[in-house]
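Take a look at the structure set out below.
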There are 2 protein chains.
Amino acid sequence: MLSMTLEDYLESIFLLGRGRNPVRITDVAKKLKVKKSTVVNAIRKLQQEGFVIHERYGDILLTQKGIEMASRVYERHLAIFSFLVEILGVPEEIANKEACGIEHYIGEETAKTLSLFIEFSRLCPQLQKIIYEDFRKYKNSGTIPDICSEEGKKMLKLTQLKVGQKAIVKKIDCDRSIKSRLLTMGIVPGVEIQVEKVAPLGDPIDILVRGYHLSLRREEAQCIEVEEA
Amino acid sequence: MLSMTLEDYLESIFLLGRGRNPVRITDVAKKLKVKKSTVVNAIRKLQQEGFVIHERYGDILLTQKGIEMASRVYERHLAIFSFLVEILGVPEEIANKEACGIEHYIGEETAKTLSLFIEFSRLCPQLQKIIYEDFRKYKNSGTIPDICSEEGKKMLKLTQLKVGQKAIVKKIDCDRSIKSRLLTMGIVPGVEIQVEKVAPLGDPIDILVRGYHLSLRREEAQCIEVEEA
DNA sequence: CTTGACTGTTCGATTAATCTAACATAAAAT
DNA sequence: ATTTTATGTTAGATTAATCGAACAGTCAAG
Ligand SMILES: [Mn+2]
Ligand SMILES: [Mn+2]
Ligand SMILES: [Mn+2]
Ligand SMILES: [Mn+2]
């Protein structure tokens with residue numbers, strides 16, 4: 001419907017105009033860091049589509065249609081911003097910039113669900129506790145908190161598993177290039193694997209991941225930590 | 001550095017080429033649903049920047065630089081996709097499309113944190129339980145699960161509060177336009193409010209939210225459910 | 001070898017978004 | 001009331017991304 005940039009113009013006008021402030025071309029130009037001529041151009045398009053009213057040299061006014069569209073965009077912005085700040089702990093300034101990019105790419109349904117998720121997290125002290133204590137700890141130190149490990153299960157390297165044994169991947173500890181390779185093969189924390197075949201000397205090791213057969217070098221298997229299933 | 005569309009070309013080449021398949025212009029055109037001439041154009045730019053090697057009428061090959069860039073993009077795609085599917089419960093096809101839009105707007109730091117969050121959620125059965133049971137219930141029926149309410153606190157309408165009393169907003173139950181207005185004023189579930197002044201007949205009600213003074217009509221206050229602080 | 005049938009390339013045109021520079025109007029200061 | 005300053009508009013140019021149509025190359029079947 002509207003291009004991403006036009007959505008941003010609408011959003012800016014909406015935010016600048018809260019509290020009934022008159023919004024002028026210059027305000028929008030400053031806010032979006034573009035030249036005034038660029039704004040004039042954008043406003044012309046928005047006017048043609050019925051989102052704003054603007055007389056030469058006058059204030060920019062949102063129509064009903066404009067307000068609806070703008071608040072829909074801004075709600076998304078806010079939901080994404082809140083998620084980034086409250087759940088992930090991204091600094092506000094960065095979160096704001098990223099939210100304003102992302103907002104144009106999520107659909108009605110996703111936006112609604114994300115808003116609900118934020119609301120839910122604010123309402124649920126238990127969830128908050130896990131996020132603010134356990135997740136932050138995991139993020140900062142890589143420590144897997146106690147509440148995550150089930151009782152009586154041993155942590156092993158993938159190389160220590162026997163043929164036929166099933167396990168859950170818990171941690172991958174190696175450099176970016178290997179990690180990235182493992183990732184594209186679907187080997188990520190939380191996934192269940194099964195050892196299919198081990199060659200003499202333990203290289204390569206054939207495993208089953210989500211129904212796919214994969215062959216890992218010993219070097220790769222060595223850095224995958226698993227928990228017996 | 002690279003435009004959003006060029007990142008997508010790189011990502012496509014990377015995915016089409018996994019397992020050492022040769023990638024041709026036609027494959028990319030089909031995957032991204034553009035014309036072959038458009039692909040030729042894009043590949044030329046990617047070649048100039050040293051991301052791919054392509055001889056006329058030949059296969060498209062990623063350089064080392066290209067592989068690094070492409071996998072960085074794809075990792076983001078995967079992290080966002082996983083979040084949408086596993087946490088929010090968005091259908092896979094939609095999640096895939098949205099992830100491919102969003103991936104270009106999140107920074108290194110955010111991407112890493114999001115990946116960690118997904119990992120963490122897969123590792124932590126307690127978090128999974130809250131998301132899969134309590135959040136889904138909240139999402140589908142609006143029911144605030146038991147684990148979220150603290151003992152011995154009463155739920156009230158905002159209109160039932162007395163001057164000076166503090167409370168936490170728990171739920172907003174009204175139509176989009178009012179909800180949107182309340183939202184832009186910072187009244188969202190989880191936020192703390194305090195009643196400042198109530199006019200005769202209870203309209204308007206002045207409240208304090210995050211340090212700001214707001215004046216609400218009775219109609220608006222009526223649909224805000226709160227819990228005594 | 002010749003000849004289709006794909007596959008790939010070139011060229012020119014279009015659209016959205018932006019800029020600069022020159023010009024026009026409105027508001028404020030003198 | 002005139003001049004100055006700030007604000008807004010226009011016109012023309014540029015860049016990225018796309019397309020369609022015409023042209024060119026590859027390769028396997030006959
Ligand atoms: Mn935006
Ligand atoms: Mn925004
Ligand atoms: Mn993409
Ligand atoms: Mn993608």
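Below, chain A is the first sequence line, B the second, and so on; all start at residue 1. Note that these values count all heavy atoms, side chains included, but never hydrogens, waters or copies made by symmetry. No experiment lies behind these values; they were computed from the predicted model shown.
- Regarding contacts with the backbone of D:dC19, a side-chain N or O of B:T38 is found under 4.0 angstrom from either OP1 or OP2.
- For the segment residues 2-11 of chain B, residues with any heavy atom less than 4.0 angstrom from an atom of DNA chain D are, sorted by number, B:S3, B:T5, B:Y9.
- Using a cut-off of 4.0 Å between Lys/Arg side-chain N and Asp/Glu carboxylate O, A:E119 and B:K171 are scored as not salt-bridged.
- Just one of B:E103, B:E108, B:E11 meets the salt bridge (Lys or Arg N to Asp or Glu O under 4.0 Å) condition when paired with B:R76; it is B:E108.
- Partners of B:Q48 under the side-chain contact (heavy atoms from CB on, under 4.5 Å) rule, at least two apart in sequence or in another chain, are B:R44.
- Here the side chains of B:T38 and B:Y9 are in contact, with some heavy-atom distance below 4.5 Å.
- Between the side chains of B:T110 and A:E98, a donor-acceptor pair is found at a separation under 3.5 Å.
- Partners of A:E109 according to the side-chain contact (heavy atoms from CB on, under 4.5 Å) rule, which considers only residues two or more places apart in sequence or in another chain, are A:K112.
- The two atoms that bring B:F81 and B:E92 nearest to each other are CE1-O, 3.4 Å, heavy atoms only.
- One side chain, B:H104 or B:E7, offers a donor N or O that lies under 3.5 Å from an acceptor on the other.
- Contacts between residues 51-61 of chain A and DNA chain D, counted as heavy-atom distances below 4.0 Å, involve A:H54, A:R56, A:Y57.
- For the residue pair B:N96 and B:H77, a side-chain donor N or O sits within less than 3.5 Å of a side-chain acceptor on the partner.
- For DNA chain C, the neighbouring residues in residues 25-33 of chain B, judged by any heavy atom under 4.0 Å, are B:I25, B:T26.
- A close approach under 4.0 Å does occur between a side-chain nitrogen or oxygen of B:K45 and OP1 or OP2 of D:dA17.
- Minimum interatomic distance between A:T113 and B:L88 (heavy atoms only, all atoms of both residues): CG2-O, 3.4 Å.
- Using a 4.0 Å heavy-atom cutoff across all strands shown, B:K36 reaches at least one base atom of the nucleic acid.
- With the nearest nucleotide of DNA chain C identified for both B:R44 and A:N41, B:R44 has the one nearer the 5' end.
- Residues B:F83 and A:F83 place their aromatic rings such that the two centres sit under 6.0 Å apart.
- In this structure, B:R18 is positioned above the aromatic face of B:Y74, its NZ or CZ under 6.0 Å from the six-membered ring centre and within 45° of the axis.
- Contacts between chain B and DNA chain C, taken as any atom within less than 4.0 angstrom of a protein heavy atom, begin and end at C:dT7 to C:dT10.
- For the residue pair A:S115 and A:E75, no side-chain donor N or O sits within less than 3.5 Å of a side-chain acceptor on the partner.
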